[in-house]
Amino acid sequence: MASTPLTAASPDTPPARPAAPPPAEPTEQTEHAEPTVQAEQTVQGAARIHAALQKVTHPVRINPILTGAGILAWIAFSVLTETVSDSPRLPAPDIASIHRTTGFTAITGLVVAALAAGLWALSATRGRLGARAAGRVAHGSAWLFGAAVWAVFWEISTAKTDVLETPYFAAPQEILDHLWSDRRILAESLGNSLQLLALGFVLGLIAGLATGVVIGWWQQANYWVHPILMFLGPVPTLAWVPVIFALFPTAYSGAIFLIAVSVWFPITVLTRAGIVSVPRSYYDVTQTLGARSWFLVLRVSLPAALPSIFTGAFMALGSSFVSLTVAENFGVNSGLGWYLNWQKGWGDFPALYAGIVVLVGVCGVLLTLLFRLRGWVLRWEKELTRW
Amino acid sequence: MVTAAEGAGAKGAGAAVEIRNVTQAFRAGDSDLPVLDDISLSVRPGEFVALVGPSGSGKSTLVRLLAGLDRPLFGTVEVDGVRVTSPDPSRALVFQDPTLLPWRTVRGNVAIGPQTRRALARSRARIDDALALVGLTDFADAWPAQLSGGMAQRAALARALVNDPAVLLLDEPLGKLDALTRRVLQGELLRLWQERGFTAVLITHDVSEALVLADRLVVLSPRPARIREVVEVGLDRPREQSAPEFVALRARILALLDEEATTQPDELEAAH
Ligand SMILES: Nc1ncnc2c1ncn2[C@@H]1O[C@H](COP(=O)(O)OP(=O)(O)OP(=O)(O)O)[C@@H](O)[C@H]1O
Ligand SMILES: [Mg+2]
């Protein structure tokens, strides 16, 4: 390649010429030829590297047998629910709600199967969307199948044979029926619960961070607060109820306090723990760069304590749910916790289970969101690939 | 408070460092551990001084006193006639470990100095320059966990230099680098020092490095550190490591260090 333009430029030159040419000309020539060759090689290399890394870092492999089995099992669930007749031992149709929602339940199974199949089809397409769908299918196929097996077992053991007896055990139909027929009150309860939870959680979080930072930084405060914290923290939420009735003007403000306390405790303890364990060298180095106290508190110790604070937030989320259900039954009289207790009072267990399904769903969503947030905030922590 | 970093250009801004009868000791369990024993040294404004001494002799301890991170048990440290009592960005310290804040990107770490002075917006170009100087422009947005040891050390160097200090304290800043990068950064350090005129105090294990860079070389004894000898280098820069004067000087200093190590063999265990 490089020699072609040279010979073309000076065809009469003897063979020795190109080896020792005048300096200006050949440098120009090689500068034209060489970079393109090199660039091509680099591009090729980069593409190959990219492909190889793609394989190493995203080993998305969909198991077609498992995924197919999962989809078929859900279809089987629907067919079973619709075609096999219900157990004769079940109470009369006007008492038990099983018979009303059999068709709906069968459709639900088909919807699950259709969603899975649709996602699977989408994963065959190129691009970001396809890649995400593939990830979901590959990751979820075992659960798809497992859940279907569970659903079939559940359907047979309750509605079809009544081995697990009503009303202590509820068939999927009954829970779906209650989710639908109580949708108004459930939605309202959900809204009230989320509002109460958000208020209590945010207040508890702010108070916990503040207390944790103060006792993590200030020995004197730690001397007084830490023992109190250790004694008051483990007190169960229920034990606070009488005090709260005496101290708070409204039941609602008492409920907020109850949730805030249960959030405050783990956040405080873990914020303090995080701050106490910040390496001294972080303070040294930022101080030599000109940092004053506020910088050290807000921009060194708090970020350094974040992994610990997030652990506290997970614990706080769990305990805030417990407090929520307690708080809602003392004076507030609305929300999911109240709904559960109310249905239990009526002895309507399927409705109770429907409420639990909603509660578990909410808890799962909030936990997932918190995981996402943590993953993003602490992204510096996990990217440990060394170059 | 106006720091050197705000001063326009800050050229020839080296400060005089005066160490007077400094003694430092620590409590190690029940016993006292003397580390620095009556150290006195004056460094002229804009001078480049290197400290060499065995491991564990107290070099990092001394440099922490100069930075104002610790106070001496006895004696004083003065910079431009003002007693050092607390850290100040005009005295930048590059630590033996890079200690980058792991939740900040490389650029975020370099930006700490300007940020503490609320000068972040004005300092964009200065931060980029500092990153370019240590060759980390491409890694400006990487997390410290993604850097190699040497890259992290270079980021720490950039973080100190961005403050345009009057005194630059360097605690084995090039210790983790390969020979080639080391040579390049030594050259850069020398160029910066000549250009900006700060006072430099360099701690190093590498006698050749000290001789390439410094005006004077302070040889410390093993712990508790005393000043064993102060050597004027007195060679013209750039210095050629193969020059006979250079070789002779190095041999002399190595002999001094050797002598120390053999006269007090019990100190070897203190060296980690
Ligand atoms: N904060 C401290 N508490 C107790 N002992 C300390 C402290 N800092 C340093 N020392 C002790 O002082 C001595 C000198 O430590 P220093 O870090 O100054 O050594 P150095 O000369 O920098 O060694 P190296 O070259 O290995 O870095 C060591 O024996 C060390 O154990
Ligand atoms: Mg040291």
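Just so you know, these numbers come straight off a predicted model, no measurement behind them. Labels below follow one simple rule: chain letters A, B, ... track the order of the sequence lines, proteins then strands, and each chain is numbered from 1.
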Just wondering, are more than 12 heavy atoms of other shown residues or ligands nearer than 6.0 Å to NE2 in H205(B)?
-> yes
Contacting region of L169(B) [heavy-atom separation from chain A under 4.5 Å] = neither
Answer yes or no: are there more than 12 heavy-atom neighbours, outside F371(A) itself, under 6.0 Å from its atom CZ?
-> no
Within a strict 4.5 Å, meaning less than it, do heavy atoms of the T288(A) and F95(B) side chains meet?
-> yes
Do W143(B) and R379(A) come close enough that some side-chain heavy atom pair is under 4.5 Å?
-> yes
Whether over 12 other heavy atoms sit under 6.0 Å from F74(B) CZ = no
Just how far is it from atom CZ of R292(A) to atom OG1 of T116(B), taken to the nearest 0.5 Å?
-> 8.0 Å
Neighbour count above 12 (heavy atom, 6.0 Å) for R182(B) CZ | yes
Could you list which of residues 293-304 of chain A have a heavy atom closer than 4.5 Å to any heavy atom of chain B, in residue-number order?
-> F295(A), R299(A), V300(A), P303(A), A304(A)
Could you look at R159(B) and say if it's the side chain, the backbone, both or neither that has a heavy atom under 4.5 Å from chain A?
-> both
Over 12 foreign heavy atoms within 6.0 Å of CZ, R104(B) = yes
Who are the salt bridge (Lys or Arg N to Asp or Glu O under 4.0 Å) partners of R64(B), not counting sequence neighbours?
-> D284(A), D70(B)
Non-hydrogen atoms of P89(B) and G290(A) that approach each other most closely = CD-CA, 3.6 Å
With sequence neighbours left out, what residues match T125(A) under side chain to side chain contact (heavy atoms under 4.5 Å, CB included)?
-> L122(A)
Taking only residues two or more places apart in sequence, or in another chain, which ones meet Y282(A) in a ring-ring contact (aromatic ring centres under 6.0 Å, His included)?
-> W103(B)
Under 3.5 Å donor-acceptor, T286(A) side chain and I112(B) backbone | no
Hey, is CG on L129(A) packed in by over 12 heavy atoms from elsewhere, all under 6.0 Å?
-> no
Atom CG of L69(B) and atom CZ of R280(A): how far apart are they, to the nearest 0.5 Å?
-> 7.5 Å
